[in-house]
Undergrad: 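I'd like to ask some things about the structure below.
These numbers come from a predicted model, not from an experiment. In what follows, every chain begins at residue 1, and chains take the letters A, B, ... in the order their sequences are listed.
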Amino acid sequence: MSDRYEAQEIEAKWQQKWNDAGIDAAHDDDERESYYCLVMFPYPSGNLHMGHVRNYCLGDAVARYKRMNGFNVLHPIGWDAFGLPAENAAIKHNRPPAEWTYANIDQMRTQLKRLGLSYDWSREIATCRPEYYRWEQWMFTRLMEKGLAYQAEAEVNWCDPCHTVLANEQVVDGVCWRCDTAVKRKNLKQWFIRITDYAEELLADLDTLTGWPEKVVGMQRNWIGKSTGAEVSFGLEGSEETLDIFTTRPDTLMGVTYMAVAAGHSLAQKAARSNPELAVFLEECSKISTKEADVETMEKKGMATGFNAVHPISGELVPVWVANFVLMGYGTGAVMSVPAHDVRDYDFARKYGLPIKQVIRPADGEWDIETAAFTEAGVLMNSARFDGIASLEAKSAITGWLAEHGKGSVKIQYRLRDWLVSRQRYWGAPIPVVHCETCGAVPVPEDQLPVELPIDLQPTGGASPLTECEAFKHTSCPACGKPAVRELDTFDTFMESSWYMNRYTSPRNTDAMVDGSAMQRWAPVDQYIGGVEHAVLHLLYARFYHKLMRDAGLFTSEQGGDEPFRNLLTQGMVLKDGTKMSKSKGNTVDPKAIIERFGADTARLFTLFAAPPEKELEWNDAGVEGGHRFLKRVWRLLERIDVTEGEEDAAAVQVMRRTIHATIQRVTYAFEHGFAFNVAIAALMELTNALQDFKPAGSAGKAAYREGVEVVATMLAPFVPHFACELGELLGMEQMAVVSNWPQVDAAALVQDEITLVVQIQGKKRGEITIAKDAGQDVAMAAAQADASINKWLDGMQIAKVILVPGRLLNIVVKPA
RNA sequence: GCCGGGAUGGUGGAACUGGUAGACACAAGGGACUUAAAAUCCCUCGGUAGAAAUACUGUACGGGUUCGACUCCCGUUCCCGGUACCA
């Protein structure tokens with residue numbers, strides 16, 4: 001048994017033993033310090049792909065390392081089980097989404113278990129179960145009561161032939177993915193949650209996220225997009241109404257030469273009634289998809305409405321245009337245009353022959369406005385009483401004047417928009433609202449929750465089958481008791497993924513969404529690991545939801561924190577042949593095949609070794625074999641474990657022990673700083689190579705060799721737990737490797753009397769010298785000059801400068817004598 | 001378009017806070033063992049010149065700062081992620 005490494009047998013054996021010993025359970029009642037390690041739960045698409053494997057191997061390494069360091073670890077898993085792919089699969093196979101979803105969950109659970117991941121399976125959750133989503137329904141009714149949830153019109157991508165709303169993903173080059181018909185924008189009354197009420201806190205608390213990658217914090221900051229500017233009321237010629245806009249550049253107000261409104265703006269709609277040409281243009285505008293990338297990259301077009309706006313300061317008339325790039329959902333759906341000082345306005349003005357009026361000039365020098373827009377700050381000109389003022393002061397001067405005259409005010413604007421949570425889909429959590437002719441939109445009372453989704457409906461590709469489910473649709477009004485109809489939209493699936501991390505702390509709680517004391521024990525998540533593609537949306541919604549839960553009184557800041565994730569690791573994607581693995585490209589690698597051929601440990605080892613966690617990982621079948629070869633090499637270290645060869649060599653033992661303890665230091669560092677497991681595993685390979693070359697001579701040699709092999713077995717445990725346990729057993733280690741104590745560095749073993757110093761001349765390496773550890777510059781220089789291969793570069797030269805970097809290098813700067 | 005990230009040998013990657021570029025692997029080539037194969041072990045392995053010692057050159061591209069730059073600054077190209085209804 002011990003002479004060959006048989007992965008399949010070993011892995012089955014240890015998974016059974018771990019299960020029997022219950023070592024993966026998180027204990028709600030425990031003296032030890034808690035540690036919460038969370039990986040992003042998967043969408044149950046049916047098969048585990050390499051991205052999952054990578055994510056979960058990283059999380060498992062962290063969880064196991066923390067257990068070996070004495071922590072009581074919560075490492076849960078579950079299923080993000082609502083969503084669009086289930087409906088697509090349902091149409092394809094003509095089976096209800098629920099069936100497909102639950103079958104996939106069973107299959108993927110088996111695959112996860114085969115990998116030997118140390119989850120506490122007793123806490124498994126699936127978001128499509130009423131026991132789960134009832135609490136987000138409950139939360140939504142609370143938000144309605146607080147005025148944080150509201151209904152408003154919003155545009156969707158609509159496909160006429162399919163008679164359905166399309167997700168952005170389903171719009172390809174402006175047409176429906178199924179029937180190739182051009183999509184149309186359509187207004188629907190939908191539910192929103194006021195995330196903008198929390199914009200300031202979401203922004204401010206980014207500063208507390210010191211354990212997050214800076215790039216993610218930056219992306220969130222930009223997404224929230226706080227800008228300070230002014231709201232300005234323009235008049236409308238021959239009308240009492242005003243045209244209100246927001247601008248970040250009130251200093252350029254005197255340069256406004258036209259206004260631009262969205263196609264959906266009331267002014268545009270009004271103008272189109274008497275202008276057929278404009279009506280055609282508006283129709284054309286309604287055919288752009290709602291994707292930001294499409295809107296921003298299309299050709300900028302516009303048309304005059306015939307209306308004129310009245311400038312709030314000069315009283316001059318400026319034309320109001322409709323422009324296809326102005327978005328109804330942003331601000332007021334109207335903007336002021338200053339072509340002289342904004343690139344997009346400049347291009348638009350040039351295209352349509354609109355006037356360009358320069359009102360800012362550079363503080364020093366001239367600017368040719370005929371050539372390009374001047375977008376920097378400067379000094380005002382052509383601005384009547386504001387002439388000569390610098391941009392910065394002009395902003396407050398002009399805003400102040402507007403405020404005095406009731407035509408504007410300082411305004412803080414966020415790019416962040418309220419969270420649209422309605423989806424016109426079936427496979428999602430029902431929105432717990434009843435629409436009553438008398439009482440309006442009424443939240444479903446707590447004692448009637450959950451509003452259960454009928455699970456046996458069959459989507460057809462058209463409208464959601466929920467809209468045709470009479471049994472679901474008809475109910476009575478919770479307020480007045482009269483017949484009423486249920487809300488037929490379901491929640492955005494980001495709703496479920498926004499609070500699952502907190503649910504794991506008390507996953508079977510039937511009395512409340514979460515339990516304050518369980519939150520106190522576990523929350524916030526100590527380490528969250530998942531794909532960087534979630535850097536903005538999922539992570540922002542989860543942060544927001546955490547604050548909503550706190551403010552609903554489910555836990556206090558002291559119990560659950562103000563933020564859900566203390567530390568974040570964003571892993572890169574798994575690629576094959578330089579591109580993302582996908583079925584359509586036919587370049588997928590099935591983890592199952594790797595596991596069957598080499599075992600779970602080899603699959604785990606390779607995914608961790610092949611690339612640093614945050615970088616993309618290029619899959620390489622040959623590399624997998626290399627990983628397997630390494631395990632076999634470690635295995636063979638056992639052959640010499642009780643062998644002694646030759647005379648004891650104290651110096652060799654000292655070098656060996658230094659290597660062992662330097663490796664402990666390096667591997668431990670990887671776990672404590674950034675999880676560079678590729679480097680940690682490389683260090684373990686180096687140690688293995690050193691042990692292979694080491695002659696275990698005499699009792700000290702034999703002891704050093706055994707120490708080294710035991711250290712390798714123990715430190716491999718977070719990465720290849722089955723292998724490490726088997727090796728540990730064969731070594732006669734007292735405990736299973738996965739529950740052993742993490743090795744400690746013996747500082748004495750690291751001490752070195754002499755060090756090697758690189759010698760450079762003019763910054764180029766010319767040799768090495770060996771000197772005493774704490775020798776000074778004089779000693780180093782003497783040693784350098786005593787070395788012929790170094791000294792030849794000093795011949796005929798005058799030493800201009802000497803730089804000594806202690807422990808690293810000596811750089812000698814010379815010039816001709 | 002906008003926001004964020006990346007680019008180092010034939011390949012994946014390493015290089016601490018600006019201090020030896022290429023650790024550790026993979027592939028390839030050569031050799032040992034074997035009747036043979038597999039497995040295993042040993043050697044070579046950025047480029048140019050050289051028998052070698054060695055020298056020059058080299059971290060996407062063009063500049064800059066520095067005694068010293070893969071690392072910092074300015075500009076450029078290409079690739080990837082996100083862009084609010086994929087999750």
Undergrad: Kindly say whether, by distance alone, the side chain of A:E625 makes a donor-acceptor pair under 3.5 Å with the base of B:C26?
TA: no
Undergrad: According to the Watson-Crick and G-U wobble definitions, with both distances under 3.5 Å, which nucleotide is paired to B:A7?
TA: B:U77
Undergrad: Name the nucleic acid region contacted by A:H534, choosing base, sugar-phosphate or nothing; use a 4.0 angstrom heavy-atom cut-off, strictly under.
TA: base
Undergrad: Please confirm whether the shortest side-chain N or O distance from A:R417 to OP1 or OP2 of B:A84 is below 4.0 Å.
TA: no
Undergrad: Select base, sugar-phosphate, or nothing to describe what A:L809 touches, counting heavy atoms under 4.0 Å on all strands.
TA: base
Undergrad: Is the side chain of A:T490 donor-acceptor paired with the backbone N or O of A:R425 at a distance under 3.5 Å, no angle test?
TA: yes
Undergrad: Looking across every strand, which nucleic acid part, if any, lies under 4.0 Å from A:T493 by heavy atom: base, sugar-phosphate, or nothing?
TA: sugar-phosphate
Undergrad: Can the ring centres of A:H628 and A:F606 be said to be less than 6.0 Å apart?
TA: no
Undergrad: Can you confirm whether the side chains of A:R633 and A:N689 place a donor and an acceptor under 3.5 Å from each other?
TA: yes
Undergrad: NA contact type, A:Q571, heavy-atom cut-off 4.0 Å: base, sugar-phosphate, or nothing?
TA: nothing
Undergrad: Just to verify, which of A:L58, A:T607, A:L617 counts as forming a side-chain contact (heavy atoms from CB on, under 4.5 Å) with A:Q571?
TA: A:L58
Undergrad: Determine: side-chain N/O of A:K764 to OP1/OP2 of B:U57, distance under 4.0 Å, yes or no.
TA: yes
Undergrad: Within the structure shown, what part of the strands sits under 4.0 Å from A:E768 by heavy-atom distance: base, sugar-phosphate, or nothing?
TA: base
Undergrad: Could you tell me whether the phosphate oxygens of B:C26, OP1 or OP2, come under 4.0 Å of any side-chain nitrogen or oxygen in A:R629?
TA: yes
Undergrad: Looking for any heavy atom pair under 4.0 Å, which part of the strands does A:V802 touch: base, sugar-phosphate only, or nothing?
TA: nothing
Undergrad: Under a 3.5 Å cut-off for both distances, is B:C24 Watson-Crick or wobble paired, and to whom?
TA: B:G12
Undergrad: Tell me whether the side-chain N or O atoms of A:E533 pair up with the base of B:C80 as donor and acceptor below 3.5 Å, since no angle test is needed here.
TA: no
Undergrad: Considering all heavy atoms of both residues, which atom of A:A154 and which atom of A:F192 are nearest to each other, and what is their separation?
TA: CB-CZ, 3.6 Å
Undergrad: Touch check for A:L416, heavy atoms < 4.0 angstrom, all strands: base, sugar-phosphate only, or nothing?
TA: base
Undergrad: For A:G626, report the nucleic acid contact type (base, sugar-phosphate, nothing); a contact means any heavy atom under 4.0 Å.
TA: sugar-phosphate
Undergrad: Hey, does the side chain of A:N222 come within less than 4.0 Å of B:G4's phosphate (OP1/OP2), counting only N and O?
TA: yes
Undergrad: Does B:G46 pair with anything, Watson-Crick or G-U wobble, both distances under 3.5 Å, and if so, with which nucleotide?
TA: B:U57
Undergrad: Could you check whether A:K765 gets within reach of a base, just the sugar-phosphate, or nothing at all, counting any heavy atom under 4.0 Å?
TA: base
Undergrad: Can you find a donor-acceptor pair, distance only, under 3.5 Å between A:N811 side chain and B:C67 base?
TA: yes
Undergrad: Would you call B:G5 syn or anti, using the 90° rule around 0?
TA: anti
Undergrad: Hunt down the Watson-Crick or G-U wobble partner of B:U40, both distances under 3.5 Å, from any strand shown, or write none.
TA: B:A32
Undergrad: Remember a base hit wins even if backbone is also touched, and classify A:Y669 as base, sugar-phosphate or nothing at under 4.0 Å, heavy atoms.
TA: nothing
Undergrad: When you measure only distances, ignoring hydrogens and angles, does the side chain of A:E292 come within 3.5 Å of the base of B:G1 through a donor and an acceptor?
TA: yes
Undergrad: Taking any heavy-atom pair under 4.0 Å as a contact, classify A:W158: base, sugar-phosphate, or nothing.
TA: nothing
